[in-house]
Amino acid sequence: MHMLSHAEASEKFIANQERTDWHDDTLWFVRSKRDKASKLLPEWEALREQASQIKEHMLSNLPQYLLEFEANAQANGVQVHWAKDAHEHNEIVYSIIQKHGDKALVKSKSMLTEECHLNAYLEQKGIDVVDTDLGERIVQFRKEVPSHIVLPAIHLKKEDVGETFHQHLGTPKGNKDPQFLTEAARIHLREKFLGAKVAITGVNFAVAETGEFVVCTNEGNADMGAHLSDVHIACMGIEKIIPKRQDLGVFLRLLARSATGQLITTYSSHFAKPRAGQEMHIVLVDNGRSRQLARDEFRNSLKCIRCAACFNTCPVYRRSGGHSYHQPVAGPIGSILAPNFDKKANVDLPFASTLCGSCSNVCPVKINIHEQLWFWRQDLMKEGLAPAGKVLGMKFMAWMMSSPKVFKLAGGIGRKVMTWFPFLVNNGMNPWYKQREMPEPPKQSFQEWYKSNRS
Ligand code: SF4
């Protein structure tokens, strides 16, 4: 099946003008909340710097901190597993479930399990996976993937949710009252929580010093699942390690403010050891992270704490929607992570950016996101993976712009063509003008204007 490129999928998204405007406004509202919350802390910039440095230190000493975490977690009675890739991760999770002979489990939001396509893998084995985060449950009912890492159903309106719940939960047709729908989801999920013996959660931070891990949610669904189950499986990417418990004070203050503009996430739950009679497992997953760590220009991307501030501020994400990125992690950071998995399949993503740098400005761990997108573009171009038209166009532009004479000549020809034969530029073949009006071409170049006005 042909996978739509970012541009093709965006075209579908923006065909619905009303939804595009609403999506854009909603995410901008979240970004504005982030601005207000961050300005309440005079030490905000110092916190960002400290977070970035802690992650820098962690990345430079990753093997040591992973081993320290493993030893401390094991001493706490937690079973630690290592997975080199997504397949191994899925196999490990399945083997634990199989040992307990269960056919259903509850799962709280975990982008890692999305990355590993765990749901599809387990469903194939006959396991019923219930996503318990409200937004995730909505997209799961619709057989979609999350369009945003913090707000998985942000592409949907309450009317869409009402219809989905009508089909899957039997709520009255046409009821789109958020309070009513949330209550319906609560009753439905409560039943699933009470019946599940196995619960899977993600991990936001894992503390090497203590062997504990922290899961942040606003709905408390991770806690509910973990507390009611006999077996708790926590799945984490190896970059989630932080050295010390005191570092949490830095990250927890940054995470909620950057993500939703809240002062703190509603539940920041610490899991250190299984309660009596419970089994607790942690699966540490590499899945390409070591490879990214070895790429000098991109290792920084492993500092990401998945707050999605870069999504909310990105003018391209806000107007193209998360599904256009065809990856579990969309937005600017997703466009850096995806080519690490598969350059060819994700060659379009680093180009889905204006390189305005707004992402780097809001990133709480100071990742140079827009620069890395630019580095990927160069890398993909050098490897000849970009579409032939783009490569040719770039070569022509480089040749033209490196010679003042040719540049001047081309500018003159361009202005004349745009004036006399505008249809050669502004036509259905030129995607640039699909949503834009052609500017009136200037009568002279800036140099000509300068010569005649500033002699
Ligand atoms: S790259 Fe930065 S802004 Fe984007 S999700 Fe990660 S931590 Fe947040």
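In what follows, residues are counted from 1 in the order of the sequence shown. These numbers were taken from a predicted model, which means no experiment stands behind them. Order of appearance sets the numbers: ligands from 1, and atoms from 1 within every ligand. All values below were derived from every heavy atom in this structure, side-chain atoms included, with hydrogens, water molecules and symmetry-related copies excluded.
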Next item on the list: Any chance you could measure E239, atom CD, to D286, atom CG, to the nearest 0.5 Å?
Entry: 9.5 Å
Next item on the list: Sequence neighbours left out, what passes side chain to side chain contact (heavy atoms under 4.5 Å, CB included) with K344? Give chain and number order.
Entry: D342, L385
Notebook entry, point to check: When you check the gap from the basic side-chain N to the acidic O, do R299 and E56 get nearer than 4.0 Å?
Noted result: yes
Next item on the list: Report the protein N/O/S neighbours of atom 8 (Fe) of ligand 1 that fall below 2.8 Å; do not count waters.
Entry: C307 SG
Notebook entry, point to check: So, Y65 versus H57, ring centres under 6.0 angstrom or not?
Noted result: yes
Check: Distance only, no hydrogens: is a donor on one side chain within 3.5 Å (strictly under) of an acceptor on the other, for E209 and N72?
Finding: no
Note to self: Quick check on contacts: which atoms of ligand 1 are under 4.0 angstrom from a heavy atom of I369?
What the structure shows: 1 (S)
Note to self: Within this structure, what is the CD-CD distance for the pair Q79 and E70, rounded to the nearest 0.5 Å?
What the structure shows: 12.0 Å
